[in-house]
Amino acid sequence: KKKKKKNKRKTMSTSWLQGFLSALHLQHKMEAFVAQGLDLASLLSLAHLDDLAEEKRVADELGLTTAERVRLRSALKDFRSAHRFVPPKIEELFGLDPYLRKFMPSIVERFDKYQRFVLEFNKHEGGIAKFSKSYKRYGLLGHADCITLREWAPAATALTLIGDFNGWNRTSHAAQKDEFGTWTLTLPHEHGVPAIPHNTHVKLCMTLEDGSKIERIPAWIRRAEPAKDKPVYEGVYTEPSKFEFLHPRPKAPARPKIYEAHVGISSNEPAIATYAHFTKNVLPRIADLGYNTIQLMAVMEHAYYGSFGYQVTSFFAASSRYGSQDELKELIDTAHKLGLVVLLDVVHSHASKNTLDGLNQYDGPTASYFHAGGRGNHEQWDSRLFNYSAWEVLRFLLSNLRWWLDEFQFDGFRFDGVTSMLYLHHGLGRVFTSYDDYFDASVDVDACVYLMLANHLIHEVYPDAIVIAEEVSGMPALCRPLEEGGMGFDFRLAMAVPDMWIKMLKELKDEEWDMGSLCWTLTNRRYAEKAIAYAESHDQALVGDKTLAFWLMDAEMYTNMSELSELTPVVDRGLALHKMIRLVTHALGGEGYLNFIGNEFGHPEWLDFPRKDNNESYAHCRRQWALVDDPLLRYKFLNAFDKDMQHLEEKHKWLGAPQAFVSLKHEGDKIIAFERGGLLFVFNFHATRSFTDYRIGIDVAGKYGIALDSDRKEYGGHARLDASCAFFTEPKPWHERRNSVLMYLPCRTAVVLEKQD
């Protein structure tokens with residue numbers, strides 16, 4: 001059958017080629033076309049490439065006359081306008097989700113535009129991989145015998161390099177402009193000494209059309225730091241790093257257990273912590289807990305610390321407030337030594353509105369890197385929006401990704417603000433209720449194409465990379481391969497899950513918790529598109545909200561977290577539910593898991609960066625490790641549970657297993673039961689009722705034992721279960737499972753059973 005199908009396809013291709021050549025009166029060249037392997041796909045690529053030299057080469061090999069070449073070129077031109085690139089595996093996408101077939105024109109439009117860019121990169125830049133290495137040519141770079149400057153500023157009429165090295169002389173070091181608006185300048189070494197000393201301040205002085213002059217930090221600058229005499233950042237020239245990575249990248253985990261971290265807040269002290277502090281004090285904690293991935297926030301330079309790193313001003317600079325570039329490299333190299341992969345929280349969804357130390361109005365009032373008019377502004381974020389269709393903007397952003405991968409050895413990215421990128425309305429005030437919402441005129445096709453190009457690049461240069469999208473709308477095919485018409489992400493964040501938990505804790509009494517709704521939210525994700533589940537992230541910790549632990553225990557965290565004090569009902573409930581919430585999210589919510597730094601041990605209060613309203617205080621801008629390290633405080637219980645939960649997943653790999661079969665959602669008893677990864681998970685969320693001989697369905701018969709019990713003493717529980725107890729299944733079908741088992745289920749307890757025979 002396969003042979004017949006192959007022959008049929010070949011016959012169809014041959015007949016199409018015969019018709020194409022007959023229309024051009026070139027049927028006598030049929031054998032030559034076949035010999036050259038020119039079929040529909042290759043002619044389509046040739047047409048879209050629009051390369052005269054390539055067309056001439058093909059024509060010469062086919063032995064075409066001048067007149068025949070003209071006819072072929074005309075046909076290819078018509079072909080180009082009439083045919084679009086179609087994802088080669090689009091039928092596989094439709095097989096997963098038949099509803100998407102209706103929107104094939106929109107999917108093809110994105111793929112076609114993406115594919116055309118790839119061909120253009122091949123034609124003009126030597127390919128997307130070489131294009132993304134522009135960071136080796138752009139910016140202010142030190143070489144063996146000179147320093148070079150290359151910056152794109154199309155609206156400037158003159159550009160000079162100024163700085164400490166030339167006494168800030170606005171005329172002495174003028175750059176030359178090419179036809180594309182790119183300025184270049186070479187500064188030869190003088191007697192072997194660089195013209196610009198290491199770690200000295202530099203800027204660009206640009207002359208605008210009206211004759212006025214402005215000063216800007218170079219867009220591709222590698223380091224920026226606060227000015228001493230004014231509240232802005234200054235560009236800094238640094239010589240090339242000589243740091244050598246000693247440890248290879250670990251193999252990317254198929255089941256990421258992510259520790260989301262911010263270097264600046266990682267210290268006990270009310271001050272900005274450093275890369276070196278994080279390397280020495282935090283990395284060992286992460287590895288010991290059993291996480292396999294770190295997601296580093298706020299690394300890209302941002303002049304305003306309180307922006308949490310989401311108002312980027314210098315995209316190629318690692319934040320100087322935490323230390324040097326080499327210290328960040330040491331952090332990543334040490335993480336690799338510990339078997340941890342490191343993801344960068346990359347912000348390409350928008351940029352700071354700062355002009356003196358950012359990209360806004362970089363070469364005057366023109367748009368340059370951003371869209372003009374309203375499309376170039378995000379009103380809610382008060383930031384600028386990139387023009388993803390502009391060639392030099394693509395060079396800047398794609399090279400930025402390559403820079404972090406190559407220079408710092410990051411292992412992938414978490415793309416921030418993807419929903420804002422995907423839609424012209426940025427997802428604001430929109431409820432996505434039908435597939436039409438994902439494919440209407442509000443979709444920003446240019447942004448979709450950029451994300452496809454970004455994922456193409458990342459996985460081409462580093463196939464093991466992990467790329468995660470912060471996306472809340474549920475855009476179909478976001479995490480499907482490019483060849484299917486997807487956008488190529490590996491995972492998306494399950495952002496509805498933390499919202500659900502906060503809503504339940506804020507608005508509902510425990511007895512009002514809906515088990516069916518809880519399970520639906522945890523399992524409601526697109527088929528064959530992987531999700532990262534989490535109970536809380538940095539979003540829930542920021543001022544204006546509170547951590548889950550603080551929602552659960554609030555003021556009693558100040559008075560009753562010591563073992564020397566009474567275990568109050570509030571703290572008892574808080575400890576129990578904190579563990580249960582995190583386990584059910586971990587086991588049921590996705591194919592990966594995320595935790596924000598410190599929340600594993602129930603960090604209290606909220607996160608608040610220094611600002612005028614809090615008198616520039618760092619009191620809530622740190623992680624209080626002393627709480628979990630104190631053996632007399634109950635925070636140690638939550639930390640111990642989180643550690644054992646991560647290590648149990650590593651043993652049984654449930655995140656890599658198919659979505660769980662939920663056999664029980666009992667509203668009255670507040671019981672949830674499901675199987676995943678060969679384990680049986682049972683949760684009793686009831687506030688007061690414990691159950692004896694409670695029958696739970698289970699598929700595989702045998703002897704089972706307790707793998708994890710949230711009620712153990714070492715987790716701050718009441719030890720109501722015997723850890724040595726064996727559970728034998730009965731051949732009694734129950735809740736659509738072939739067997740069942742009788743269990744004792746204490747109130748507010750989670751139990752995980754593993755097979756022992």
Side-chain angles (χ1 to χ4, degrees), residues 92 96 249-260 286-287 289-295 338-343 411-414 455 458-459 462-469 471 477-481 484 486 488-495 497 519 521-535 582-595 600 641-663 672-683 698-700 704 707-708 737 750 752-756:
E92 293 185 19
L96 292 171
R249 284 170 159 144
K251 182 174 175 57
R255 311 173 327 279
K257 295 187 282 288
I258 303 170
Y259 197 87
E260 183 184 37
I286 299 171
L289 283 167
Y291 290 87
N292 55 28
T293 306
I294 302 171
Q295 178 184 303
L338 294 171
L340 302 167
V341 301
V342 188
L343 310 182
D411 303 290
F413 301 96
R414 177 263 200 190
N455 280 307
I458 294 165
H459 289 107
Y462 183 42
D464 270 354
I466 298 173
V467 191
I468 301 169
E471 207 286 303
L478 185 78
C479 299
R480 293 304 301 169
E484 291 181 10
F489 283 97
D490 299 304
F491 297 87
R492 65 172 6 120
L493 293 179
M495 299 181 70
V497 174
C519 290
T521 301
L522 286 171
T523 56
N524 180 33
R525 52 190 184 272
R526 289 192 56 79
Y527 176 65
E529 296 193 41
K530 296 180 180 179
I532 303 291
Y534 57 108
R582 299 172 85 76
L583 179 59
V584 73
T585 300
H586 200 311
L588 194 57
E591 290 71 36
Y593 178 76
L594 179 143
N595 165 69
E600 68 276 7
F641 180 80
D642 196 88
K643 176 179 177 178
D644 287 352
M645 177 175 68
Q646 307 305 334
H647 285 281
L648 184 65
E649 194 288 327
E650 192 62 31
K651 177 182 177 182
H652 289 278
K653 301 175 175 50
W654 66 67
L655 289 172
Q659 183 163 294
F661 180 87
V662 182
S663 58
I672 293 173
F674 58 86
E675 293 159 87
R676 193 178 186 193
L679 299 174
L680 174 64
F681 296 83
V682 185
F683 296 80
I698 189 168
D699 199 49
V700 179
Y704 287 78
L708 188 64
R737 311 313 279 159
V752 183
L753 299 187
E754 63 183 351
K755 201 166 185 292
Q756 293 185 333

Answer yes or no: is there a side-chain heavy-atom contact under 4.5 Å between [X] and [Y]?
| X | Y | answer |
| --- | --- | --- |
| D642 | Y291 | yes |
| T523 | L588 | yes |
| E600 | K643 | no |
| R414 | I258 | no |
| C479 | R492 | yes |

Problem set entry | Nearest-0.5 Å distance that lies between atom CG in L340 and atom CD1 in I294 | 4.5 Å
Problem set entry | Residues N292, R255; criterion side-chain hydrogen bond (donor to acceptor under 3.5 Å, both in side chains); working and verdict | CA-CA 9 Å; N292 55 28; R255 311 173 327 279; over 6 Å; no
Heavy-atom donor-acceptor pair, [X] side chain to [Y] backbone, under 3.5 Å:
| X | Y | result |
| --- | --- | --- |
| E649 | L655 | yes |
| N595 | Y259 | no |
| R676 | A657 | yes |

Problem set entry | side chain to side chain donor-acceptor pair (under 3.5 Å), paired with K257, selected from Q646, E650, H647 | E650
Seminar exercise, completed: Contacts of E591 meeting side chain to side chain donor-acceptor pair (under 3.5 Å) (sequence neighbours excluded), chain-then-number -> R525
For this session: Report the residues that fulfil side chain to side chain donor-acceptor pair (under 3.5 Å) with R737, sequence neighbours left out, ordered by chain and then residue number.
Result: E675
For this session: Of all the heavy-atom pairs spanning A465 and G412, show the shortest one and how long it is.
Result: CB-CA, 4.4 Å
Exercise. Would the number of heavy atoms belonging to other residues, nucleotides or ligands and lying under 6.0 Å from NZ of K251 be above 12?
Worked result: no
Problem set entry | Parallel, tilted or perpendicular: rings of W654 and F681 (30°, 60°) | perpendicular
For this session: Decide whether E754 and H652 meet the rule of one side-chain donor and one side-chain acceptor closer than 3.5 Å.
Result: yes
